[in-house]
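Right, one structure below, let's go through it.
All figures in this text were calculated on a predicted structure; none of them were measured in a lab.
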Amino acid sequence: MNAPSTQEARQLFKKAADAFMRRQYAEALPLLEQAGSEGDVEAKNLLGVMQLNGMGVVQDPRRAAALFEAAAAQGLKEAQYNLSNQLFNGLGTAEDETRAQQNLLAAAAAGHRPALRSLGLLYHDAGGGDARWATLATRCFRLAAEAGDPLAQYLFGLRLWRGHGTQQDPDGALQWFTAAAQARVYLAEMRLAGISRSHEDRTRLPASKTETALVPCALPRLPEPSASREQAFMSEYGEALDEYLADHLINVAAPMLMPSSVVDPSTGAAVQSQLRTSHSMHLQPSMYDAATHLALRRIACIAGLPVSHAEPLGVLRYGPGQEYRPHYDYYTDGQHQAQRVATVFVYLNHVEEGGGTDFPRLGVKVDPARGKAVKFLNCDAEGKPNPETLHAGLPVIRGEKWLATLWFWDRPFVWFS
(Lines give C-alpha, C1' and ligand atoms only; values in the text may rest on other atoms or scores of the structure.)
Protein backbone atom coordinates (compact mmCIF):
# COMPACT_ATOMS: atom_id res chain seq x y z
CA MET A 1 0.00 0.00 0.00
CA ASN A 2 1.38 3.40 -0.98
CA ALA A 3 2.06 5.93 1.77
CA PRO A 4 -0.51 8.73 1.90
CA SER A 5 0.43 11.99 0.24
CA THR A 6 0.61 15.23 2.21
CA GLN A 7 -2.91 16.03 1.04
CA GLU A 8 -4.13 12.67 2.31
CA ALA A 9 -2.37 13.28 5.62
CA ARG A 10 -4.16 16.61 5.89
CA GLN A 11 -7.48 14.88 5.33
CA LEU A 12 -6.64 12.41 8.07
CA PHE A 13 -5.85 15.29 10.41
CA LYS A 14 -9.12 17.07 9.61
CA LYS A 15 -11.07 13.90 10.39
CA ALA A 16 -9.10 13.48 13.61
CA ALA A 17 -9.65 17.10 14.63
CA ASP A 18 -13.38 16.73 14.06
CA ALA A 19 -13.46 13.60 16.25
CA PHE A 20 -11.37 15.39 18.89
CA MET A 21 -13.83 18.29 19.01
CA ARG A 22 -16.63 15.75 19.54
CA ARG A 23 -14.52 14.22 22.34
CA GLN A 24 -14.30 10.98 20.43
CA TYR A 25 -10.69 10.49 21.42
CA ALA A 26 -10.52 6.78 20.56
CA GLU A 27 -11.58 7.68 17.02
CA ALA A 28 -9.13 10.60 16.77
CA LEU A 29 -6.06 8.79 18.12
CA PRO A 30 -5.21 6.38 15.24
CA LEU A 31 -5.93 9.09 12.67
CA LEU A 32 -3.53 11.45 14.41
CA GLU A 33 -0.88 8.75 14.76
CA GLN A 34 -1.08 8.02 11.03
CA ALA A 35 -1.14 11.67 9.96
CA GLY A 36 1.70 12.49 12.31
CA SER A 37 3.84 9.63 11.03
CA GLU A 38 3.40 11.12 7.56
CA GLY A 39 4.75 14.44 8.77
CA ASP A 40 1.59 16.42 9.42
CA VAL A 41 2.75 19.03 11.90
CA GLU A 42 -0.68 19.86 13.34
CA ALA A 43 -1.34 16.17 13.93
CA LYS A 44 1.86 15.95 15.99
CA ASN A 45 0.81 18.93 18.08
CA LEU A 46 -2.71 17.68 18.75
CA LEU A 47 -1.39 14.22 19.56
CA GLY A 48 0.93 15.91 22.04
CA VAL A 49 -2.04 17.60 23.71
CA MET A 50 -3.77 14.23 24.07
CA GLN A 51 -0.64 12.62 25.50
CA LEU A 52 -0.09 15.46 27.98
CA ASN A 53 -3.65 15.30 29.35
CA GLY A 54 -4.26 11.56 29.00
CA MET A 55 -7.19 12.09 26.59
CA GLY A 56 -8.03 8.65 25.19
CA VAL A 57 -4.46 7.51 25.76
CA VAL A 58 -2.14 6.78 28.68
CA GLN A 59 -0.82 10.08 29.99
CA ASP A 60 2.76 10.51 28.80
CA PRO A 61 4.22 14.02 29.20
CA ARG A 62 7.61 12.91 27.89
CA ARG A 63 6.15 11.83 24.59
CA ALA A 64 4.07 15.01 24.54
CA ALA A 65 7.23 17.09 24.87
CA ALA A 66 8.89 15.15 22.05
CA LEU A 67 5.89 15.68 19.78
CA PHE A 68 5.74 19.40 20.58
CA GLU A 69 9.50 19.63 20.00
CA ALA A 70 9.17 18.06 16.56
CA ALA A 71 6.25 20.28 15.57
CA ALA A 72 7.93 23.39 16.99
CA ALA A 73 11.05 22.68 14.94
CA GLN A 74 8.79 22.84 11.86
CA GLY A 75 7.65 26.32 12.92
CA LEU A 76 4.18 25.55 14.26
CA LYS A 77 3.40 28.37 16.69
CA GLU A 78 0.90 26.30 18.71
CA ALA A 79 3.60 23.67 19.33
CA GLN A 80 6.16 26.33 20.23
CA TYR A 81 3.74 27.65 22.82
CA ASN A 82 2.92 24.18 24.20
CA LEU A 83 6.62 23.28 24.40
CA SER A 84 7.41 26.54 26.19
CA ASN A 85 4.79 25.72 28.83
CA GLN A 86 6.30 22.31 29.52
CA LEU A 87 9.78 23.83 29.71
CA PHE A 88 8.66 26.56 32.12
CA ASN A 89 7.02 24.06 34.46
CA GLY A 90 9.29 21.04 34.03
CA LEU A 91 6.48 18.73 32.94
CA GLY A 92 7.77 15.79 30.90
CA THR A 93 11.10 17.53 30.42
CA ALA A 94 13.70 19.34 32.48
CA GLU A 95 12.71 22.86 33.53
CA ASP A 96 14.55 25.27 31.22
CA GLU A 97 13.51 28.91 31.42
CA THR A 98 15.88 29.97 28.63
CA ARG A 99 14.49 27.52 26.07
CA ALA A 100 10.97 28.17 27.36
CA GLN A 101 11.33 31.86 26.57
CA GLN A 102 12.89 31.14 23.18
CA ASN A 103 9.87 29.11 22.15
CA LEU A 104 7.43 31.57 23.72
CA LEU A 105 9.04 34.46 21.83
CA ALA A 106 8.89 32.51 18.57
CA ALA A 107 5.18 31.78 19.07
CA ALA A 108 4.47 35.39 20.07
CA ALA A 109 6.36 36.70 17.02
CA ALA A 110 4.11 34.51 14.87
CA GLY A 111 1.05 36.14 16.45
CA HIS A 112 -0.02 33.33 18.78
CA ARG A 113 -2.48 35.02 21.13
CA PRO A 114 -1.93 33.02 24.35
CA ALA A 115 1.84 33.34 23.80
CA LEU A 116 1.55 37.12 23.56
CA ARG A 117 -0.61 37.19 26.69
CA SER A 118 1.85 34.97 28.60
CA LEU A 119 4.79 37.07 27.46
CA GLY A 120 2.95 40.16 28.69
CA LEU A 121 2.61 38.60 32.15
CA LEU A 122 6.32 37.71 32.15
CA TYR A 123 7.28 41.27 31.25
CA HIS A 124 4.90 42.60 33.89
CA ASP A 125 6.47 40.32 36.52
CA ALA A 126 9.99 41.33 35.47
CA GLY A 127 9.10 45.03 35.66
CA GLY A 128 9.94 46.14 39.16
CA GLY A 129 9.33 49.74 38.16
CA ASP A 130 11.34 49.47 34.92
CA ALA A 131 9.44 51.43 32.26
CA ARG A 132 10.83 49.28 29.43
CA TRP A 133 9.30 46.06 30.76
CA ALA A 134 6.05 47.83 31.61
CA THR A 135 5.79 49.13 28.05
CA LEU A 136 6.54 45.69 26.60
CA ALA A 137 3.90 44.10 28.84
CA THR A 138 1.30 46.58 27.63
CA ARG A 139 2.29 46.02 24.00
CA CYS A 140 1.90 42.24 24.30
CA PHE A 141 -1.50 42.54 25.98
CA ARG A 142 -2.61 45.00 23.29
CA LEU A 143 -1.51 42.76 20.40
CA ALA A 144 -3.23 39.72 21.90
CA ALA A 145 -6.36 41.76 22.70
CA GLU A 146 -6.56 43.18 19.19
CA ALA A 147 -6.18 39.64 17.83
CA GLY A 148 -9.24 38.59 19.83
CA ASP A 149 -7.90 36.90 22.97
CA PRO A 150 -10.55 37.53 25.67
CA LEU A 151 -8.21 37.08 28.64
CA ALA A 152 -5.78 39.55 27.09
CA GLN A 153 -8.63 41.97 26.42
CA TYR A 154 -9.27 42.00 30.14
CA LEU A 155 -5.57 42.45 30.98
CA PHE A 156 -5.14 45.23 28.41
CA GLY A 157 -8.21 46.95 29.82
CA LEU A 158 -6.60 46.73 33.25
CA ARG A 159 -3.42 48.35 31.89
CA LEU A 160 -5.42 51.23 30.46
CA TRP A 161 -7.46 51.56 33.65
CA ARG A 162 -4.37 51.63 35.88
CA GLY A 163 -2.08 53.53 33.49
CA HIS A 164 0.62 50.86 33.69
CA GLY A 165 3.08 51.08 30.80
CA THR A 166 0.75 53.43 28.93
CA GLN A 167 -1.45 56.45 29.48
CA GLN A 168 -4.47 56.11 31.71
CA ASP A 169 -7.42 55.77 29.38
CA PRO A 170 -10.75 54.97 31.09
CA ASP A 171 -12.65 55.09 27.80
CA GLY A 172 -10.23 52.61 26.24
CA ALA A 173 -10.44 50.43 29.32
CA LEU A 174 -14.23 50.49 29.03
CA GLN A 175 -13.97 49.31 25.43
CA TRP A 176 -11.73 46.35 26.26
CA PHE A 177 -13.56 45.32 29.42
CA THR A 178 -16.76 45.35 27.35
CA ALA A 179 -15.18 43.05 24.76
CA ALA A 180 -13.96 40.73 27.52
CA ALA A 181 -17.40 40.73 29.17
CA GLN A 182 -19.04 39.78 25.87
CA ALA A 183 -16.68 36.78 25.81
CA ARG A 184 -17.79 35.91 29.38
CA VAL A 185 -14.52 36.77 31.11
CA TYR A 186 -15.58 36.56 34.73
CA LEU A 187 -14.20 39.76 36.24
CA ALA A 188 -14.89 42.03 33.25
CA GLU A 189 -18.40 42.98 34.41
CA MET A 190 -17.05 44.01 37.82
CA ARG A 191 -14.45 46.23 36.18
CA LEU A 192 -17.10 47.80 33.96
CA ALA A 193 -19.11 48.73 37.03
CA GLY A 194 -16.07 50.32 38.62
CA ILE A 195 -15.34 52.45 35.56
CA SER A 196 -18.91 53.66 35.22
CA ARG A 197 -18.81 54.94 38.81
CA SER A 198 -15.54 56.83 38.84
CA HIS A 199 -13.72 57.03 35.50
CA GLU A 200 -14.08 60.80 35.16
CA ASP A 201 -11.71 61.30 38.10
CA ARG A 202 -8.81 59.65 36.25
CA THR A 203 -5.84 61.67 34.94
CA ARG A 204 -4.42 61.14 31.45
CA LEU A 205 -0.66 60.67 31.09
CA PRO A 206 1.53 61.07 27.97
CA ALA A 207 1.52 58.03 25.68
CA SER A 208 4.72 56.38 24.43
CA LYS A 209 5.03 56.48 20.65
CA THR A 210 7.80 53.88 20.33
CA GLU A 211 7.42 50.12 19.85
CA THR A 212 10.19 48.16 21.60
CA ALA A 213 11.16 44.77 20.16
CA LEU A 214 10.06 41.66 22.05
CA VAL A 215 13.10 40.24 23.83
CA PRO A 216 13.85 37.63 26.50
CA CYS A 217 13.61 38.82 30.09
CA ALA A 218 15.15 37.46 33.25
CA LEU A 219 12.61 36.80 35.97
CA PRO A 220 13.62 38.66 39.12
CA ARG A 221 15.16 36.81 42.03
CA LEU A 222 12.46 36.43 44.64
CA PRO A 223 13.26 38.07 47.96
CA GLU A 224 13.28 36.03 51.14
CA PRO A 225 9.64 35.94 52.28
CA SER A 226 8.97 38.23 55.21
CA ALA A 227 6.05 37.18 57.39
CA SER A 228 3.66 39.88 58.56
CA ARG A 229 2.55 37.56 61.36
CA GLU A 230 4.00 34.31 62.72
CA GLN A 231 2.43 32.14 65.35
CA ALA A 232 3.42 28.56 66.07
CA PHE A 233 3.06 26.62 62.79
CA MET A 234 1.21 29.39 60.90
CA SER A 235 2.43 32.56 59.20
CA GLU A 236 1.01 35.31 56.96
CA TYR A 237 2.64 37.14 54.05
CA GLY A 238 1.50 40.23 52.18
CA GLU A 239 1.46 40.80 48.41
CA ALA A 240 2.24 37.22 47.42
CA LEU A 241 0.47 37.66 44.08
CA ASP A 242 -0.30 40.99 42.45
CA GLU A 243 -3.56 42.18 40.91
CA TYR A 244 -2.78 41.04 37.35
CA LEU A 245 -1.84 37.49 38.23
CA ALA A 246 -4.62 37.12 40.81
CA ASP A 247 -7.27 38.36 38.39
CA HIS A 248 -5.88 36.15 35.63
CA LEU A 249 -6.13 33.03 37.79
CA ILE A 250 -9.75 33.88 38.63
CA ASN A 251 -10.64 34.44 34.97
CA VAL A 252 -8.97 31.18 33.90
CA ALA A 253 -10.65 29.15 36.64
CA ALA A 254 -14.17 30.61 36.60
CA PRO A 255 -15.58 28.66 33.62
CA MET A 256 -14.31 25.35 35.01
CA LEU A 257 -15.53 25.45 38.60
CA MET A 258 -17.26 22.40 40.02
CA PRO A 259 -18.64 21.67 43.51
CA SER A 260 -15.69 21.05 45.80
CA SER A 261 -15.02 17.62 47.25
CA VAL A 262 -13.29 16.29 50.37
CA VAL A 263 -11.07 13.25 50.93
CA ASP A 264 -12.91 10.34 52.52
CA PRO A 265 -10.87 9.54 55.67
CA SER A 266 -11.32 5.79 55.28
CA THR A 267 -10.93 5.26 51.53
CA GLY A 268 -9.00 8.30 50.26
CA ALA A 269 -11.63 8.88 47.58
CA ALA A 270 -12.91 12.35 46.68
CA VAL A 271 -16.54 12.74 47.80
CA GLN A 272 -19.12 15.50 48.10
CA SER A 273 -19.83 16.73 51.63
CA GLN A 274 -21.70 19.52 53.41
CA LEU A 275 -18.44 20.03 55.24
CA ARG A 276 -17.27 21.96 52.18
CA THR A 277 -19.73 23.97 50.10
CA SER A 278 -17.38 25.94 47.83
CA HIS A 279 -16.67 25.48 44.14
CA SER A 280 -13.18 24.71 42.86
CA MET A 281 -11.02 23.50 40.01
CA HIS A 282 -7.48 22.17 39.68
CA LEU A 283 -5.28 22.99 36.72
CA GLN A 284 -4.62 20.21 34.23
CA PRO A 285 -1.08 19.76 32.84
CA SER A 286 -1.87 21.59 29.58
CA MET A 287 -3.03 24.60 31.63
CA TYR A 288 0.39 24.96 33.26
CA ASP A 289 1.66 27.96 31.31
CA ALA A 290 4.02 30.87 32.00
CA ALA A 291 1.44 32.54 34.26
CA THR A 292 1.14 29.36 36.33
CA HIS A 293 4.93 29.23 36.52
CA LEU A 294 4.99 32.76 37.94
CA ALA A 295 2.37 31.93 40.57
CA LEU A 296 3.97 28.64 41.55
CA ARG A 297 7.45 30.04 42.02
CA ARG A 298 6.11 32.73 44.36
CA ILE A 299 3.98 30.34 46.39
CA ALA A 300 6.75 27.74 46.61
CA CYS A 301 9.15 30.44 47.81
CA ILE A 302 6.77 31.15 50.69
CA ALA A 303 6.40 27.43 51.40
CA GLY A 304 10.16 26.95 51.43
CA LEU A 305 9.61 23.80 49.38
CA PRO A 306 10.25 22.98 45.71
CA VAL A 307 7.46 23.32 43.16
CA SER A 308 8.01 19.66 42.31
CA HIS A 309 6.51 18.73 45.71
CA ALA A 310 3.23 20.58 45.03
CA GLU A 311 -0.08 19.03 44.07
CA PRO A 312 -1.89 20.63 41.09
CA LEU A 313 -2.71 24.29 41.68
CA GLY A 314 -6.28 24.70 42.91
CA VAL A 315 -8.50 27.77 42.58
CA LEU A 316 -11.58 28.01 44.83
CA ARG A 317 -14.61 30.27 44.99
CA TYR A 318 -16.85 30.79 48.05
CA GLY A 319 -20.13 32.66 47.56
CA PRO A 320 -22.40 34.05 50.29
CA GLY A 321 -23.05 31.42 52.96
CA GLN A 322 -20.46 28.99 51.61
CA GLU A 323 -17.80 27.66 53.95
CA TYR A 324 -15.36 24.87 54.72
CA ARG A 325 -16.07 23.59 58.22
CA PRO A 326 -13.19 22.66 60.57
CA HIS A 327 -10.91 20.10 58.96
CA TYR A 328 -7.31 18.99 58.48
CA ASP A 329 -5.30 19.10 55.28
CA TYR A 330 -3.05 16.14 56.11
CA TYR A 331 -4.01 12.67 54.93
CA THR A 332 -5.41 10.16 57.41
CA ASP A 333 -6.67 7.43 55.05
CA GLY A 334 -3.45 5.47 54.56
CA GLN A 335 -4.15 5.31 50.82
CA HIS A 336 -1.64 7.98 49.77
CA GLN A 337 2.03 7.27 49.20
CA ALA A 338 3.02 10.63 50.65
CA GLN A 339 1.89 13.18 53.23
CA ARG A 340 0.79 16.80 52.85
CA VAL A 341 3.34 18.52 55.04
CA ALA A 342 2.48 22.14 54.23
CA THR A 343 -0.35 24.25 52.84
CA VAL A 344 -0.11 27.70 51.26
CA PHE A 345 -3.16 29.58 50.09
CA VAL A 346 -3.45 33.08 48.66
CA TYR A 347 -6.52 35.32 48.75
CA LEU A 348 -7.12 36.44 45.15
CA ASN A 349 -9.70 39.16 45.77
CA HIS A 350 -11.14 41.58 48.28
CA VAL A 351 -13.98 39.99 50.30
CA GLU A 352 -16.75 42.40 51.22
CA GLU A 353 -17.60 40.70 54.51
CA GLY A 354 -16.77 37.39 56.16
CA GLY A 355 -14.70 34.66 54.57
CA GLY A 356 -11.83 34.61 57.04
CA THR A 357 -9.85 31.52 58.03
CA ASP A 358 -10.09 30.31 61.62
CA PHE A 359 -7.52 28.19 63.49
CA PRO A 360 -9.60 27.40 66.60
CA ARG A 361 -6.91 25.45 68.48
CA LEU A 362 -4.40 28.19 67.85
CA GLY A 363 -6.84 30.93 68.76
CA VAL A 364 -6.10 32.80 65.52
CA LYS A 365 -8.39 34.13 62.81
CA VAL A 366 -6.98 35.38 59.50
CA ASP A 367 -8.82 38.23 57.80
CA PRO A 368 -8.88 38.03 53.98
CA ALA A 369 -7.02 40.61 51.87
CA ARG A 370 -6.16 40.35 48.21
CA GLY A 371 -2.64 39.06 47.70
CA LYS A 372 -2.22 37.85 51.29
CA ALA A 373 -0.72 34.37 51.60
CA VAL A 374 -1.15 32.03 54.56
CA LYS A 375 1.25 29.16 55.19
CA PHE A 376 0.82 26.46 57.79
CA LEU A 377 2.69 23.25 58.52
CA ASN A 378 0.42 20.23 58.65
CA CYS A 379 3.07 18.01 60.23
CA ASP A 380 5.63 18.45 62.98
CA ALA A 381 9.41 18.26 62.58
CA GLU A 382 9.24 14.44 62.70
CA GLY A 383 6.66 14.32 59.92
CA LYS A 384 3.76 13.40 62.19
CA PRO A 385 0.36 15.04 61.57
CA ASN A 386 -0.23 18.04 63.78
CA PRO A 387 -3.82 18.12 65.15
CA GLU A 388 -3.34 21.77 66.13
CA THR A 389 -3.68 22.64 62.40
CA LEU A 390 -7.46 22.25 62.59
CA HIS A 391 -8.81 25.13 60.51
CA ALA A 392 -12.01 26.37 58.88
CA GLY A 393 -12.94 28.60 55.99
CA LEU A 394 -15.55 30.84 57.63
CA PRO A 395 -18.78 31.62 55.74
CA VAL A 396 -18.77 34.51 53.30
CA ILE A 397 -21.40 37.06 54.35
CA ARG A 398 -21.27 39.47 51.40
CA GLY A 399 -19.48 39.22 48.09
CA GLU A 400 -17.32 36.24 47.30
CA LYS A 401 -13.93 34.80 48.23
CA TRP A 402 -11.38 33.45 45.75
CA LEU A 403 -8.33 31.44 46.79
CA ALA A 404 -5.35 29.88 45.05
CA THR A 405 -4.20 26.84 47.04
CA LEU A 406 -1.17 24.57 46.93
CA TRP A 407 -0.66 21.51 49.09
CA PHE A 408 2.95 20.33 49.37
CA TRP A 409 4.05 16.74 49.82
CA ASP A 410 7.03 15.46 51.79
CA ARG A 411 8.47 14.23 48.47
CA PRO A 412 8.01 15.02 44.76
CA PHE A 413 4.38 14.91 43.71
CA VAL A 414 3.57 12.07 41.29
CA TRP A 415 1.71 13.68 38.38
CA PHE A 416 1.69 10.67 36.13
CA SER A 417 1.46 6.99 36.94
Open item on the list: Before you tell me yes or no, could you show the steps for Asn349 and Glu400 under side chain to side chain contact (heavy atoms under 4.5 Å, CB included), namely the whole-Å CA-CA distance, both residues' side-chain angles and the distance that decides it to 0.1 Å?
Closed with: CA-CA 8 Å; Asn349 72 319; Glu400 57 187 26; 4.1 Å; yes

Legend entry - Gln102/Gln80 under side chain to side chain contact (heavy atoms under 4.5 Å, CB included): CA gap, chis, key distance, verdict: CA-CA 9 Å; Gln102 289 171 348; Gln80 291 165 338; over 6 Å; no

| Working for side chain to side chain contact (heavy atoms under 4.5 Å, CB included), residues Phe141 and Thr138 | CA-CA 5 Å; Phe141 293 144; Thr138 301; 5.5 Å; no

Determine whether Ser235 and Tyr237 satisfy the following criterion, side-chain hydrogen bond (donor to acceptor under 3.5 Å, both in side chains), listing intermediate values before the conclusion. CA-CA 7 Å; Ser235 50; Tyr237 304 82; 3.1 Å; yes

The test is side chain to side chain contact (heavy atoms under 4.5 Å, CB included); show your working for Cys379 and Lys384 and say whether it passes. CA-CA 5 Å; Cys379 298; Lys384 296 179 181 178; 5.9 Å; no

Pair Gln168-Trp161, side-chain hydrogen bond (donor to acceptor under 3.5 Å, both in side chains): steps then yes or no:
CA-CA 6 Å; Gln168 287 180 299; Trp161 175 236; over 6 Å; no

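Residues Ala43 and Ala35 come closest through the heavy atom pair CB-CB, 3.7 Å. In terms of heavy-atom proximity, Leu406 sits nearest to Ala310 at CD2-CB, 3.9 Å. Across every non-hydrogen atom of Val252 and Pro255, the tightest pair is O-CD, 3.4 Å. Taking all atoms of both residues into account, the shortest heavy-atom contact from Gln153 to Trp176 is O-CB, 3.5 Å. Minimum heavy-atom separation, Ala373 to Ala240: CB-CB, 3.6 Å. The two atoms that bring Gly120 and Ala137 nearest to each other are O-CB, 3.4 Å, heavy atoms only.
The shortest distance between side-chain heavy atoms of Arg10 and Glu42 falls below 4.5 Å. His293 places a side-chain heavy atom less than 4.5 Å from the side chain of Leu219. No side-chain heavy atom of Val57 sits less than 4.5 Å from a side-chain heavy atom of Met55. Proximity of Lys375 to Thr343: side-chain heavy atoms (C-beta onward) are nowhere separated by under 4.5 Å. Side-chain contact between Leu104 and Leu122 is present, with at least one heavy-atom pair separated by less than 4.5 Å. Looking at heavy atoms from C-beta onward, Arg297 lies in side-chain contact with Leu222 at the 4.5 angstrom threshold. Contact annotation: the side chain of Val315 approaches that of Leu348 to within less than 4.5 Å [non-hydrogen atoms, C-beta and beyond]. Side-chain atoms of Ser278 and Arg317, non-hydrogen and from C-beta on, never get closer than 4.5 Å to each other.
Asn386 and Thr389 are not linked by any side-chain donor-acceptor pair at a separation below 3.5 angstrom, with hydrogens and angles left out of the test. Defined by atom type and a distance below 3.5 Å, a donor-acceptor pair is missing between the side-chain atoms of Ser286 and Tyr288. Looking at Tyr328 and Asn378, their side chains never bring a donor and an acceptor atom within 3.5 Å of each other. Side-chain polar atoms of Thr166 and Arg159 form no donor-acceptor pair below 3.5 angstrom. Residues Tyr347 and Thr357 bring a donor and an acceptor atom of their side chains to less than 3.5 Å of each other.
Between His112 and Tyr81, the two ring planes are tilted [angle within 30° to 60°]. Classified by interplanar angle (parallel below 30°, tilted 30° to 60°, perpendicular above 60°), the ring pair His327/Tyr324 is parallel.
Among residue pairs with one or both ends in residues 358-382, those qualifying as ring pair (Phe, Tyr, Trp, His ring centres under 6.0 Å) are Phe359-Phe376, Phe359-His391, Phe376-His391; sequence neighbours excluded. For residues 298-310, the set of pairs meeting the side chain to side chain donor-acceptor pair (under 3.5 Å) definition, not counting sequence neighbours, comprises Asp125-Arg298.
Lys401 contributes a side-chain N or O that, together with a main-chain N or O of Gly355, makes up a donor-acceptor pair within less than 3.5 Å. When atom types are taken as modelled, the side chain of Gln86 and the backbone of Pro61 share a donor-acceptor pair closer than 3.5 angstrom. Between the side chain of Asp329 and the backbone N or O of Trp407, no donor-acceptor pair lies under 3.5 Å. With hydrogens and angles ignored, the 3.5 Å screen pairs no side-chain donor or acceptor of Arg62 with any backbone N or O of Thr93. With hydrogens and angles ignored, the 3.5 Å screen pairs a side-chain donor or acceptor of Gln322 with a backbone N or O of Gly319. Panel note: side chain Gln51, backbone Val58; a donor-acceptor pair is recorded below 3.5 Å. Looking at Tyr123, its side chain does come within 3.5 Å of a backbone N or O of Val215 through a donor-acceptor pair. No side-chain donor-acceptor contact under 3.5 Å links Asn89 to the backbone of Leu91. Proximity of a side-chain donor or acceptor of Asp242 to a complementary backbone N or O of Leu245 within less than 3.5 Å is detected.
Taking a 6.0 Å sphere around CZ of Arg23, one finds it holds 12 or fewer heavy atoms contributed by other residues, nucleotides or ligands. Sparse packing is recorded around CZ of Arg221, with 12 or fewer heavy atoms of other residues, nucleotides or ligands lying under 6.0 Å away. Summarising the local packing, CZ of Arg184 is surrounded by 12 or fewer heavy atoms from other residues, nucleotides or ligands at distances under 6.0 Å.
In this structure, the separation between CZ on Phe156 and CG on Leu151 is 15.5 Å, given to the nearest 0.5 Å. Here Leu67 contributes atom CG and Leu47 contributes atom CG; the two are 5.0 Å apart, rounded to the nearest 0.5 Å. The line from CG of Asn103 to CG of Asn85 is 10.0 Å long, rounded to the nearest 0.5 Å. Between atom CG of residue Leu121 and atom CG of residue Asp289 there is a gap of 8.0 Å, rounded to the nearest 0.5 Å.
Using a 4.0 Å cut-off between charged nitrogen and carboxylate oxygen, Arg22 and Asp18 count as a salt-bridge pair. Salt bridge Arg370/Asp247: present, at least one basic N to carboxylate O contact under 4.0 Å. In summary, Glu243 and Arg162 engage in a salt bridge, as defined by a charged side-chain N under 4.0 Å from a carboxylate O. With respect to Glu69 and Arg99, a salt bridge is recorded, a charged nitrogen being found less than 4.0 Å from a carboxylate O.
Taking the six-membered ring where the residue is Trp, the centroids of Phe345 and Trp402 are separated by 6.0 Å or more.
Every residue two or more places apart in sequence or in another chain that forms a side-chain contact (heavy atoms from CB on, under 4.5 Å) with Ala300 is listed here: Val307, Phe408. Applying the side-chain contact (heavy atoms from CB on, under 4.5 Å) criterion to Glu236, with sequence neighbours excluded, gives Ser228, Arg229, Met234, Val366, Lys372, Val374. Partners of Asp149 according to the salt bridge (Lys or Arg N to Asp or Glu O under 4.0 Å) rule, which considers only residues two or more places apart in sequence or in another chain, are Arg117. For His248, the ring-ring contact (aromatic ring centres under 6.0 Å, His included) test picks out no residue, with sequence neighbours left out.
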